[in-house]
Amino acid sequence: MTRLFAAATLAAGLAFPAAAETFRWSSTTDPSTMDPHAVSSTPVLGFLTNVYEGLVRRGRDMTIEPALATRWEPLPDGAGWRFYLREGVTFHDGAAFTAEDVRFSYERAASEASDVRSWFAPVSDLVVVDDYTVDILTSTPQPIFPDSIANWMMMDSGWAEANGAVAVARDAENFATLNANGTGAFRLVSRQPDLETVLEPFAGWWGEVEHTVTRAVFTPIQNPATAVAALLSGEIDMINPVPVQDAERIDAADGTTVLRGIETRVIMLGFAHDHAELQGGGDNPFSDVRVRRAVAHAVNVPAILQTIMRGSAEPASQLVPPSARGFSPALDSRPAYDPEAARALLAEAGYPDGFAFSLSCTNDRYINDEQVCQAVTGMLAQVGMTATLEAMPVSNYWPELRADNFDMYLLGWSPGTFDAEHPLRFLVHTAGDRLGTWNFGGYTNPRIDELLPMIQSEIDDTARQAMLDEAAATVQDDMVYVPLYVEPLLWGLRDGIEVTQRPDNFFVLRWVNHR
Amino acid sequence: MLSYIFRRILQSVLVLLVVGLVAFAMFRFVGDPVETMLGQERTVEDIERLRENLGLNDPFFVQYWNFLVRAVQGDLGISYRQGRPVAEIIAERLPATLELAAVSGLFALVFGIVFGVFTAIRRDGWAANAIMTLSLIGVSLPTFLIGILLIYVFAVELSWLPSFGRGEVVQLGGWSTGFLTQSGLIALILPSITLGLYQMTLIMRLVRSEMLEVLRQDYIRFARARGLSQKAINFRHALKNTLVPVITVTGLQLGSIIAFAIITETVFQWPGVGLLFINAIQFVDIPVMAAYLMLISVMFVGINLIVDLLYVAIDPRLRS
């Protein structure tokens with residue numbers, strides 16, 4: 001095996017006579033655009049975080065730290081936030097970074113065509129105080145505003161104007177779709193969509209260089225088996241993600257390891273709270289909290305994690321993972337696996353013989369999602385709830401849920417702000433045009449609706465946490481969702497390279513080190 | 001003659017229009033593109049506005065009509081996923097597919113004929129039997145499995161060949177070619193074998209059975225009686241007469257090589273139009289799907305049209 005491996009590295013060296021510290025990595029999805037405001041998705045924002053920077057950024061442990069702003073403070077009376085900008089920062093084309101660029105980036109990112117405009121929903125205005133100070137005014141106090149704009153990236157106003165990229169490139173192509181000009185540690189050297197994107201370190205970067213990369217090449221590889229082969233053969237230094245079932249093999253192979261971590265996405269089961277009838281006819285049992293609790297007791301989460309996730313994921317008790325801000329440590333226990341209790345609860349609710357319903361599920365969105373649903377179906381059948389599994393691709397899934405064609409469904413939620421308020425806003429608040437947009441089941445609770453705006457504007461951390469605890473307890477008591485587990489992060493890595501795995505699944509090149 | 005050609009062309013156009021109509025009627029079952037285009041913090045308002053902008057609220061035949069009107073003006077629309085003109089994206093990706101298809105077709109033809117002739121002449125030799133047995137694998141194993149198998153043997157275990165991609169390419173005008181660099185040529189080997197294996201087996205079996213048929217004919221026997229060398233009989237007399245059906249089948253198979261490239265391109269991350277199409281389905285990128293389907297049907301209809309016209313040229317009875 002060692003001889004084979006030696007041959008492998010030799011051949012790889014012959015086939016790719018690149019510089020020693022060229023770093024090649026791959027992921028299943030190509031960032032669809034280089035425009036930092038056009039698409040709010042992990043592949044795009046995670047890639048562009050290497051090229052563009054925001055006022056603040058997240059550190060290795062997800063804490064907020066200074067980036068293009070050196071410090072910030074709340075304005076009196078919760079009127080907004082003041083950011084003090086870093087001086088001497090230049091964009092990749094040499095232009096200086098000033099408050100004007102912040103203003104331009106705000107107007108661009110908050111415009112109608114932008115996909116990140118929801119970050120600026122509470123913002124009423126942005127005032128340039130001087131060249132290196134800006135005030136962001138908000139209509140209500142916003143205690144976690146700096147956290148919520150960690151991915152808001154700064155674009156040079158002069159560059160955008162000169163190249164016709166002032167508007168967000170979404171429905172039509174513009175210069176920013178294929179080109180980038182940020183302040184980040186890496187600059188975009190070449191961009192071929194779906195093929196190859198090359199980055200090189202930016203010599204004029206303001207920060208201290210911690211990496212050993214001289215050139216970084218990103219190649220999307222959609223087929224997971226091909227990506228694994230490319231890693232094993234030495235053509236690629238890092239792949240994300242590693243299929244759960246291949247992790248052991250990569251670990252066992254010479255020269256490669258799997259870096260395991262926990263993501264921020266919680267996988268849960270949701271219910272049709274407000275439907276009068278099931279899809280197949282008959283009363284809707286899921287409007288009864290005892291039935292929902294029975295589901296929680298009937299699903300054997302440790303078994304799912306052991307078999308389908310091969311020990312990689314962690315059980316979840318709330319709608320956010322324990323690492324998120326605002327998580328309630330006191331409520332960190334999920335209902336135990338107890339089929340007897342489940343049966344008793346069903347009998348109490350008036351379904352001693354169980355009932356039949358449909359379980360909707362994606363088959364291409366989350367890690368092994370369809371297998372998880374099959375396992376859930378089997379486990380529920382043991383207590384008398386016979387589910388018909390309806391698995392479909394995600395592009396059909398959301399329209400089905402939005403059209404109320406479900407009884408019970410699988411959902412994964414990753415809190416964009418990394419804060420416990422996020423799922424309350426989208427999953428638990430009464431469904432409406434702007435709030436509760438993912439509350440497909442139609443759960444409604446006046447107390448949650450009352451708590452949400454208070455949580456959003458509470459400056460005092462203790463008071464805020466108390467309200468988040470109360471909301472988390474309500475969600476648990478009402479069993480609005482049954483949280484199952486937090487998805488794992490599995491990156492395949494070539495030996496001799498150090499990377500940092502951040503829970504938001506962003507791959508940060510400036511933390512890549514060759515040993 | 002002229003009216004025959006005119007009628008065939010008219011029929012071809014009709015087929016194209018029907019294919020497009022069916023495609024557009026199906027797109028709504030692929031899913032809602034808006035859901036994948038917007039981030040999770042979208043509002044209902046955002047969804048509605050985007051649907052309206054993209055014309056997705058129109059009935060499918062209206063969408064189809066709009067597509068046709070723009071398409072005849074050379075505008076294939078903007079990709080939902082990449083936000084770039086579809087015509088530009090397809091022009092970028094088409095050379096990869098065409099080069100792969102050409103090499104696979106050549107591979108299938110050359111090896112198919114050589115093996116076919118060999119197995120026909122040495123009907124009972126062990127080598128011929130081995131080739132026949134192995135060729136069963138070619139027809140029975142699915143393409144993606146063959147691809148993965150080749151990757152594991154030649155890329156992972158032996159490290160002789162790359163596991164994905166096209167290697168380095170050279171731009172010649174608007175055409176990116178992998179024929180001019182060493183890494184580009186090496187990268188072609190595994191995908192073309194994967195893609196061409198099925199066609200090779202097909203041609204091989206066709207040549208073999210035709211050849212066996214021809215070798216039984218009287219004129220072969222007479223040639224032998226004339227004292228001609230075995231080589232002259234096999235290649236000048238027998239092979240020549242087996243090639244007519246082979247050429248017909250090969251021509252028709254060329255279309256399916258390009259269409260079947262989807263799977264091979266996915267396995268090898270080959271940046272052609274097939275991979276683009278797979279991506280488009282996952283993302284519900286309707287403009288790209290529509291353009292690809294139209295492209296493939298134009299190609300198939302075109303090939304069939306040429307074959308039909310060739311028949312006219314060959315068969316005098318059709319000309320009257």
Side-chain angles (χ1 to χ4, degrees), chain A residues 4 7-12 15-16 30 32-33 35 38-41 112 115-119 169-174 177-178 192-196 219-223 225-227 229-230 232-236 364 392-399 402 413-414 416 426 432-434 437-438, chain B residues 29-47 49-50 53-54 78-85 88-89 92-93 96 144 147-148 151-152 155-167 169 183 186 266-269 271 275-276 278-279 281-284:
Chain A
L4 230 165
T9 39
L10 190 73
F16 303 99
D30 194 50
S32 52
T33 176
D35 188 322
V39 176
S40 170
S41 73
E112 201 174 62
D115 197 30
V116 299
R117 63 200 284 251
S118 67
W119 300 339
R170 187 155 74 187
D171 299 345
E173 181 181 14
N174 75 25
T177 312
L178 294 178
Q192 292 171 279
D194 283 345
L195 230 89
E196 190 180 83
T219 316
I221 301 181
Q222 278 144 296
N223 188 350
T226 311
L232 291 175
S233 69
E235 290 161 80
I236 293 281
D364 62 350
M392 61 193 96
V394 69
S395 47
N396 296 100
Y397 192 59
W398 304 133
R402 219 171 278 292
W413 192 259
S414 190
F426 291 101
D433 278 354
R434 291 182 166 276
T437 44
W438 290 75
Chain B
F29 300 112
V30 182
D32 188 348
V34 173
E35 297 280 353
T36 40
M37 286 173 81
L38 295 171
Q40 66 176 3
E41 296 180 2
R42 65 201 172 206
T43 62
V44 176
E45 226 173 278
D46 292 334
I47 294 176
R49 192 182 48 246
L50 193 57
N53 284 353
L54 298 176
I78 303 279
S79 157
Y80 292 168
R81 185 168 66 93
Q82 293 189 18
R84 302 168 55 220
E88 199 179 303
I89 298 175
E92 267 171 29
R93 308 285 290 261
F144 69 88
I148 294 284
I151 289 177
Y152 270 85
V156 178
E157 291 301 330
L158 298 172
S159 296
W160 291 350
L161 301 167
S163 56
F164 73 94
R166 255 186 113 185
V169 292
S183 67
I186 288 176
T266 314
V267 172
F268 289 93
Q269 190 63 30
L275 191 64
L276 181 73
I278 289 286
N279 261 323
I281 292 177
Q282 279 165 356
F283 198 86
V284 201

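Given the structure is predicted, the values throughout are model-derived calculations rather than measurements. Just so we're on the same page: letters track the sequence lines, and every chain starts at 1.
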- [ ] Under 4.5 Å heavy-atom distance to chain A, tell me which part of L50(B) shows up: side chain, backbone, both or neither.
- [x] side chain
Open item on the list: Keeping R84(B) on the side-chain end and L178(A) on the backbone end, is there a donor-acceptor pair under 3.5 Å?
Closed with: no
TODO: Heavy atoms only: give me the nearest D115(A)-G39(B) pair and the separation to one decimal.
DONE: OD2-N, 3.0 Å
- [ ] Examine whether an atom of P33(B) lies under 4.5 Å from a heavy atom of chain A, and if so say whether it belongs to the side chain, the backbone or both; otherwise answer neither.
- [x] neither
- [ ] For each of T437(A), T226(A), I221(A), D30(A), tally heavy-atom pairs with chain B at distances under 4.5 Å, and name the one with the top tally.
- [x] I221(A)
- [ ] Determine whether P85(B) and E173(A) make a side-chain contact, defined as any pair of heavy atoms from C-beta on separated by less than 4.5 Å.
- [x] yes
Task: Atom pair CG/OH of L232(A) and Y152(B) - distance to nearest 0.5 Å - done: 5.5 Å
Task: Per-residue contact mode, D46(B) against chain A (heavy atom under 4.5 angstrom) - done: side chain
- [ ] Select one option (side chain, backbone, both, neither) describing which atoms of I151(B) are under 4.5 Å from chain A's heavy atoms.
- [x] side chain
Open item on the list: Any side-chain to backbone donor/acceptor pair from Q222(A) onto Q269(B)? Under 3.5 Å, distance only.
Closed with: no
Open item on the list: Quick one about Q82(B) and D194(A) (side-chain donor to acceptor, distance below 3.5 Å, no hydrogens or angles considered), yes or no?
Closed with: yes
Open item on the list: Quick check for you: to the nearest 0.5 Å, what is the distance between R42(B) atom CZ and F426(A) atom CZ?
Closed with: 10.0 Å
Task: D433(A) vs V44(B) side-chain heavy atoms within contact, under 4.5 Å - done: yes
- [ ] Locate the shortest heavy-atom distance separating E41(B) from S118(A); write the atom from each residue and the value.
- [x] OE1-OG, 2.7 Å
- [ ] Indicate whether any N or O donor in one side chain lies under 3.5 Å from an N or O acceptor in the other, for S163(B) and E235(A).
- [x] yes
Task: Options P220(A), S40(A), G432(A), ranked by heavy-atom pairs under 4.5 Å with chain B, top entry - done: P220(A)
Open item on the list: Looking at chain B, which one of Q192(A), M392(A), R117(A) has the largest number of heavy-atom pairs inside 4.5 Å, strictly under?
Closed with: R117(A)
TODO: Consider only side-chain N and O atoms of W413(A) and Q40(B), and report whether a donor and an acceptor are under 3.5 Å apart.
DONE: no
Task: Residue pair S233(A) / V156(B): nearest heavy atoms and the distance that separates them - done: CB-CA, 4.1 Å
Task: Under 4.5 Å from a heavy atom of chain A, the part of I47(B) involved - done: side chain
Open item on the list: Taking F268(B)'s backbone N and O only, do any of them form a donor-acceptor pair with N223(A)'s side chain (distance below 3.5 Å, no angle check)?
Closed with: no
Task: Pairwise distance CD(E45(B)) to CD(E112(A)) - rounded to 0.5 angstrom - done: 8.0 Å
- [ ] Measure the shortest side-chain to side-chain distance between F164(B) and I236(A) over non-hydrogen atoms and say whether it is less than 4.5 angstrom.
- [x] yes
